[in-house]
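Source: prediction; values computed, not measured.
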Amino acid sequence: MRGLDGLRGLAALYVVLFHCWLYTFPGFPHSSAPAWLDGLMFGRLAVVFFLVLSGFSLAISPARHGWRSGGVGEFLRRRAWRILPPYWAALAMSLIVSWFVVSASHYGRPTGASIWVYGLVAQDIFTAPTPNGAFWSIGVEAELYLLFPLLLFVRRRLSAAALVACATLPVIARGLMAADASPVEGNNWLAPHLAPVFVAGMIGAGIVVASDRVQRLPWGWFAGLAALPVLALGLIQGSVWTVNHYFWVDLAIAPAMTMLLAAVATGRPAMLVRFLTARPIQSLGSFSYSLYLIHLPIVMTVIRRVAPYFVSPGLPTFWFTLTLALPVSVLGGWLFSKIFEMPFKRNRSWKSLIAQSRSRWTR
């Protein structure tokens with residue numbers, strides 16, 4: 001759908017900016033960054049947006065066919081084919097950087113357990129030193145993909161309201177039963193908590209196939225009105241409060257994200273759609289997955305290994321990182337996608353991929 005790739009690209013770019021901010025100013029969530037950079041504190045919400053967008057994108061085709069998939073086995077095969085090759089390549093790169101250049105963002109250098117846990121995309125279930133702090137969301141996505149056929153079944157046999165209730169009410173109940181109604185998150189077991197945001201995206205896909213009257217509703221304005229109080233509260237309360245309330249913030253922002261996707265998918269507002277489909281933004285979106293996968297080792301290397309030789313800590317390091325790590329990450333993501341992502345997007349099987357490779361070699 002026109003505009004969705006652009007949104008994906010901008011979200012990935014924001015995550016890069018967030019990590020430049022995060023690792024330049026230590027102590028997060030007690031950030032030592034200037035207050036005027038607080039707009040970069042919402043990196044977690046950009047990842048939540050990826051999950052909403054995944055649910056939305058994957059549900060569009062089933063929504064057009066009575067909420068039926070093309071078969072569970074085929075769906076999972078195609079998801080694995082699309083997601084795993086670039087992920088495994090990025091995992092290998094991240095392990096090398098973590099072992100020989102700079103430690104990853106959590107728990108020090110990776111171990112043998114890291115290879116098994118992250119190689120099997122089981123990081124949301126098992127804990128091991130991470131080679132790349134951005135990989136946590138890939139484990140969550142993988143679990144939600146496994147759950148997707150069941151979610152479609154509930155939507156088809158019951159209703160959208162029943163699907164939302166099944167995914168959301170247990171999460172809300174868990175949150176309310178926690179101490180001070182504010183659950184403390186760990187580094188894994190996040191999929192149950194984030195399933196409602198994925199479901200929100202699925203529900204939004206129904207707008208694309210709804211009546212013209214429903215599609216013509218001002219979904220963009222609805223999205224802005226729904227997002228404003230959540231983002232304003234985060235900025236007013238600060239990063240410590242926001243991090244301590246991710247459990248509720250994620251749920252609160254998901255409807256706004258869903259309505260934004262519905263607005264763009266139905267072609268409104270036209271000015272935003274034109275911006276998102278401009279060639280640079282569209283191009284960025286085409287390799288956003290690769291950018292997300294490999295940017296953090298690059299950012300960490302610049303901050304920990306390069307910047308100390310040239311600039312002082314704090315704001316000078318932040319500007320230095322933006323100047324160097326941001327373009328290197330974007331260029332690196334583009335090159336990485338050419339090798340490890342695009343071939344698997346253009347070809348749907350090993351047979352097709354091998355045939356294309358042979359044709360290139362014999363030209």
Side-chain angles (χ1 to χ4, degrees), residues 9-50 90 94 97-98 101-110 129-137 182 184-188 190 227 230-250 253 284 288 291-333:
L10 292 176
L13 188 64
Y14 181 87
V15 172
V16 180
L17 295 174
F18 165 73
H19 282 135
C20 291
W21 171 85
L22 177 68
Y23 293 108
T24 297
F25 303 101
F28 185 79
H30 298 275
S31 176
S32 58
W36 54 270
L37 286 175
D38 283 354
L40 296 178
M41 64 183 276
F42 297 110
R44 161 67 171 254
L45 300 189
V47 181
V48 170
F49 179 75
F50 287 137
S94 300
V97 172
S98 294
V101 182
V102 59
S103 296
S105 50
H106 304 295
Y107 305 122
R109 297 185 185 279
T130 178
N132 186 323
F135 282 175
W136 70 268
S137 67
S182 183
V184 178
E185 285 191 338
N187 293 305
N188 49 16
L190 296 174
V230 182
L231 298 179
L233 186 61
L235 288 172
I236 293 169
Q237 296 288 350
S239 56
V240 175
W241 182 91
T242 302
V243 170
N244 290 335
H245 292 83
Y246 272 153
F247 187 93
W248 298 112
V249 172
D250 294 343
I253 199 69
L284 179 65
S288 58
L291 175 61
Y292 180 81
L293 289 175
I294 72 163
H295 79 275
L296 191 51
I298 296 172
V299 170
M300 295 285 289
T301 298
V302 170
I303 292 174
R304 302 282 171 82
R305 291 290 182 262
V306 180
Y309 291 101
F310 297 95
V311 293
S312 57
L315 201 55
T317 294
F318 177 74
W319 292 122
F320 182 87
T321 303
L322 284 188
T323 303
L324 182 58
L326 182 60
V328 170
S329 296
V330 172
L331 178 59

Heavy-atom closest pair, residues [X] and [Y]:
| X | Y | answer |
| --- | --- | --- |
| Arg109 | Ser98 | NH1-O, 2.5 Å |
| Ser32 | Pro26 | OG-O, 3.7 Å |
| Thr130 | Pro110 | O-CG, 4.1 Å |
| Ser94 | Asn132 | OG-ND2, 3.1 Å |
| Leu17 | Leu40 | CB-CD2, 4.0 Å |
| Ile303 | Cys20 | CD1-O, 4.0 Å |

Derivation of the side-chain contact (heavy atoms from CB on, under 4.5 Å) call for Val184 and Phe247: CA-CA 8 Å; Val184 178; Phe247 187 93; over 6 Å; no

Are any non-hydrogen side-chain atoms of [X] and [Y] less than 4.5 angstrom apart?
| X | Y | value |
| --- | --- | --- |
| Val311 | Trp319 | no |
| Phe320 | Thr24 | no |
| Pro29 | Trp241 | no |

Distance (rounded to the nearest 0.5 Å) between [X] [atom1] and [Y] [atom2]:
| X | Y | atom1 | atom2 | answer |
| --- | --- | --- | --- | --- |
| Thr317 | Phe310 | OG1 | CZ | 12.0 Å |
| Ser31 | Leu22 | OG | CG | 8.0 Å |
| Thr321 | Trp21 | OG1 | CH2 | 14.0 Å |
| Thr323 | Leu326 | OG1 | CG | 8.5 Å |

Passing option when Val249 is tested against Asn244, Val230, Val243 for side chain to side chain contact (heavy atoms under 4.5 Å, CB included): Val230

Parallel, tilted or perpendicular, as decided by the 30° and 60° cut-offs, for the rings of Phe28 and Phe18: perpendicular

Listed once per pair and sorted, the salt bridge (Lys or Arg N to Asp or Glu O under 4.0 Å) pairs that draw on residues 25-45, sequence neighbours left out: Arg44-Glu185, Arg44-Asp250

Ile253 vs Phe42, side-chain contact (heavy atoms from CB on, under 4.5 Å): CA-CA, chis, key distance, verdict: CA-CA 11 Å; Ile253 199 69; Phe42 297 110; over 6 Å; no

side-chain hydrogen bond (donor to acceptor under 3.5 Å, both in side chains) contacts in which one or both residues fall within residues 292-312, not counting sequence neighbours: His19-His295, Ser137-Tyr292

Audit row: Tyr14, Leu45, side-chain contact (heavy atoms from CB on, under 4.5 Å) steps and yes/no: CA-CA 10 Å; Tyr14 181 87; Leu45 300 189; over 6 Å; no

Worked verdict on Val306 versus Leu324 for side-chain contact (heavy atoms from CB on, under 4.5 Å): CA-CA 10 Å; Val306 180; Leu324 182 58; 4.1 Å; yes

